[in-house]
Protein chains: 2
Amino acid sequence: MAQAASPPPAVRNPLGQSRYGGIASALRERILSGEWAPGSAIPAESALAQSYGVALGTVRQAIALLVEDGLLERQQGKGTFVSAGLAGASMLRFFRFRSREAGAEAPASRIVARRARPAEPVERAVFGLAPGAQVIQLERVRSFGTEPCLVETVVLPLPLFGALVDSDPDDWGDLLYPLYQQRCGVLIHQAEDIVSFAQLGAMQARRLRLEAGHPCAVVRRRAFDRSGRCVELRTTRGDAFAFEYTAHVR
Amino acid sequence: MAQAASPPPAVRNPLGQSRYGGIASALRERILSGEWAPGSAIPAESALAQSYGVALGTVRQAIALLVEDGLLERQQGKGTFVSAGLAGASMLRFFRFRSREAGAEAPASRIVARRARPAEPVERAVFGLAPGAQVIQLERVRSFGTEPCLVETVVLPLPLFGALVDSDPDDWGDLLYPLYQQRCGVLIHQAEDIVSFAQLGAMQARRLRLEAGHPCAVVRRRAFDRSGRCVELRTTRGDAFAFEYTAHVR
DNA sequence: CAGTGGTCTAGACCACCGC
DNA sequence: CGGTGGTCTAGACCACTGG
């Protein structure tokens with residue numbers, strides 16, 4: 001019995017879904033809607049249990065689902081917090097450059113090109129864009145000190161990232177993901193990388209101060225926001241001999 | 001039932017560990033000891049709860065831990081089963097060769113060398129071997145049809161894999177992990193891969209029908225059994241330009 | 001200290017499976 | 001149908017965090 005008073009806030013559960021599943025969905029929507037900012041705490045389990053009219057354990061199962069999704073994080077004795085998303089320089093995990101000693105790890109970033117253009121069919125598909133929609137394409141060089149180490153091509157769907165068109169890239173800082181969040185309200189939540197090897201083209205080689213045809217590691221990334229939409233396509237290239245990637249299998 | 005009365009079977013919990021943690025450890029030991037064969041069912045949750053003298057929910061939490069570890073698998077309405085370990089061509093789940101479309105089939109395997117030798121210091125360390133202990137080293141070529149695509153060097157601690165010394169490699173089949181399990185009772189449970197880039201040596205190049213110095217992708221794998229011991233070191237090399245590796249980021 | 005999440009209990013009923 | 005895991009309840013106490 002018990003759904004308590006009468007209408008618990010928008011949880012229609014017995015539709016093929018468990019009650020905690022319904023509560024998880026409801027919480028997910030409230031998180032994505034921005035009701036609780038990333039990094040802030042959601043109400044206590046006991047409060048949620050009461051407001052949804054369920055037992056504590058049920059709300060705990062709902063939260064467990066969202067924790068597994070990476071949307072929430074628990075902290076014993078403190079509370080349950082909205083995840084702050086993928087932080088900084090995750091791309092550098094893949095590359096080991098000798099400039100590893102110094103404390104300041106993130107290499108500097110320089111935008112060398114930016115333009116808007118019509119989305120290609122593949123891009124329309126992954127971004128879910130209508131025919132005729134546009135994308136922003138960025139070319140970017142990352143360097144340790146005076147030494148360039150990575151070149152990147154970044155493609156973003158225009159409707160979402162329009163704020164980037166009008167601002168000065170020199171003000172963007174070294175990391176894109178925090179920029180996405182602050183300027184465009186887009187929080188990168190997870191990504192899929194495909195690693196392969198190729199040879200540098202003339203332009204890329206010049207930017208990296210290597211010869212054309214030099215072996216390079218290529219990381220093609222699709223990045224997703226918290227709702228699972230793909231919101232960024234990125235291709236990163238760097239010296240193959242400086243590349244190393246660690247993965248855990250099951 | 002039985003053990004109920006007073007002393008639950010060997011669960012010393014209030015020592016920094018939760019009760020379900022203690023039960024999980026106890027179950028882990030019983031699984032690793034072979035009390036229940038891989039693929040078979042463990043006792044029902046209710047039976048375990050009774051025999052350990054705890055509530056159902058507690059045993060469920062213990063089982064959840066082992067499921068997360070990959071040691072157990074639940075099946076609704078049927079039971080909880082001991083995991084059968086990393087199945088067949090797990091190596092190829094994560095990297096593949098573009099020359100092959102749709103081909104989910106494992107490439108054929110040919111052992112081209114096998115010898116026992118003293119373990120090097122690094123190997124003694126990762127395998128936990130005593131000074132003077134030996135290892136088996138295998139050289140292996142994997143091919144699609146008549147076309148070789150991968151060369152592998154596999155190093156195994158001898159005490160565990162002695163059964164492989166006396167048998168004929170032609171009888172081994174294309175996959176090593178099932179062989180380990182059937183001949184040596186070793187079940188590979190998880191692994192760590194390190195991907196990097198190098199150039200082929202003369203011998204490797206000849207086996208792959210490429211020129212020496214040709215760019216190659218290198219995957220160094222450490223594989224672990226269910227108790228977390230490292231039981232295999234493997235280095236796989238193949239044409240860098242046919243290589244592709246997929247990884248999920250958080 | 002009060003508030004949070006973490007652990008645990010002893011029940012109940014449901015959904016699924018195989019016979 | 002009986003047995004399994006899956007969901008849910010309404011309590012209780014513990015361990016950690018912060019003021």
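- Atom OH of Tyr52(A) and atom C1' of dT9(D) are 19 Å apart (whole Å).
- With respect to the salt-bridge test (charged N to carboxylate O, under 4.0 angstrom), the residues Arg220(B) and Glu244(A) do not qualify.
- Taking atom CG of Leu56(B) as the reference point, atom P of dG6(D) lies 11 Å away to the nearest angstrom.
- In this structure, Arg234(A) CZ and Asp193(A) CG are separated by 9.5 Å, a value rounded to the nearest 0.5 Å.
- Between Ala55(A) and Gly79(B), it is Gly79(B) whose nearest contact on DNA chain D lies nearer the 5' terminus.
- Closest contact between the side chain of Tyr20(B) and the listed nucleotides dC8(C), dG5(C), dC8(D) involves dC8(C).
- With dC8(D), dT7(D), dG6(C) as the candidates, the nucleotide lying closest to the side chain of Arg60(B) is dT7(D).
- Taking atom CG on Leu72(B) and atom P on dG5(D), their separation rounds to 11 Å, with Å as the unit.
- When side chains are defined from C-beta on, Phe161(A) does not count as touching Val154(A), because their heavy atoms never get closer than 4.5 Å.
- Here the P atom of nucleotide dG6(C) and the CD atom of Gln17(B) are 17 Å apart, to the nearest Å.
- Among the nucleotides dT4(D), dG6(C), dC8(D), the one closest to the side chain of Arg74(A) is dG6(C).
- Between the OG1 atom of Thr58(A) and the OH atom of Tyr52(A) there is a distance of 13.0 Å, given to the nearest 0.5 Å.
- Whole-Å rounding puts the Leu65(B) CG to dG6(C) P distance at 13 Å.
- A salt bridge is absent between Glu73(B) and Lys78(B); no separation between the charged side-chain nitrogens and carboxylate oxygens falls under 4.0 Å.
- Taken to the nearest 0.5 Å, the CG atom of Leu65(B) stands 11.0 Å off from the CG atom of Leu71(B).
- With hydrogens and angles ignored, the 3.5 Å screen pairs no side-chain donor or acceptor of His189(B) with any backbone N or O of Ser83(B).
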Where do N or O atoms of nucleotides 15-18 of chain D meet protein N or O atoms at under 3.5 Å, pair by pair?
residue	atom	partner	partner atom	Å
dA15(D)	N3	Gln76(A)	OE1	3.4
dG18(D)	OP1	Lys78(A)	NZ	3.3

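- In this structure, the CD atom of Gln61(B) is 9 Å from the P atom of dT9(C), given to the nearest Å.
- Between atom CD of residue Glu123(B) and atom CG of residue Leu129(B) there is a gap of 8.5 Å, rounded to the nearest 0.5 Å.
- Judged purely by atom type and a 3.5 angstrom limit, Arg142(B) uses its side chain to pair as donor or acceptor with the backbone of Asp174(B).
- A heavy atom lying under 4.0 Å from DNA chain D marks none of the residues of residues 38-45 of chain A.
- Between Thr80(B) and the phosphate of dG5(D), there is a side-chain N or O to OP1/OP2 separation shorter than 4.0 Å.
- At dG6(C), none of the side-chain N or O atoms of Arg19(B) fall inside 4.0 Å of OP1 or OP2 (strictly under the cut-off).
- As a whole-Å value, the separation of Ile63(A) CD1 from dT7(C) P is 14 Å.
- Residue Thr58(B) places none of its side-chain N or O atoms closer than 4.0 Å to OP1 or OP2 of dT7(C).
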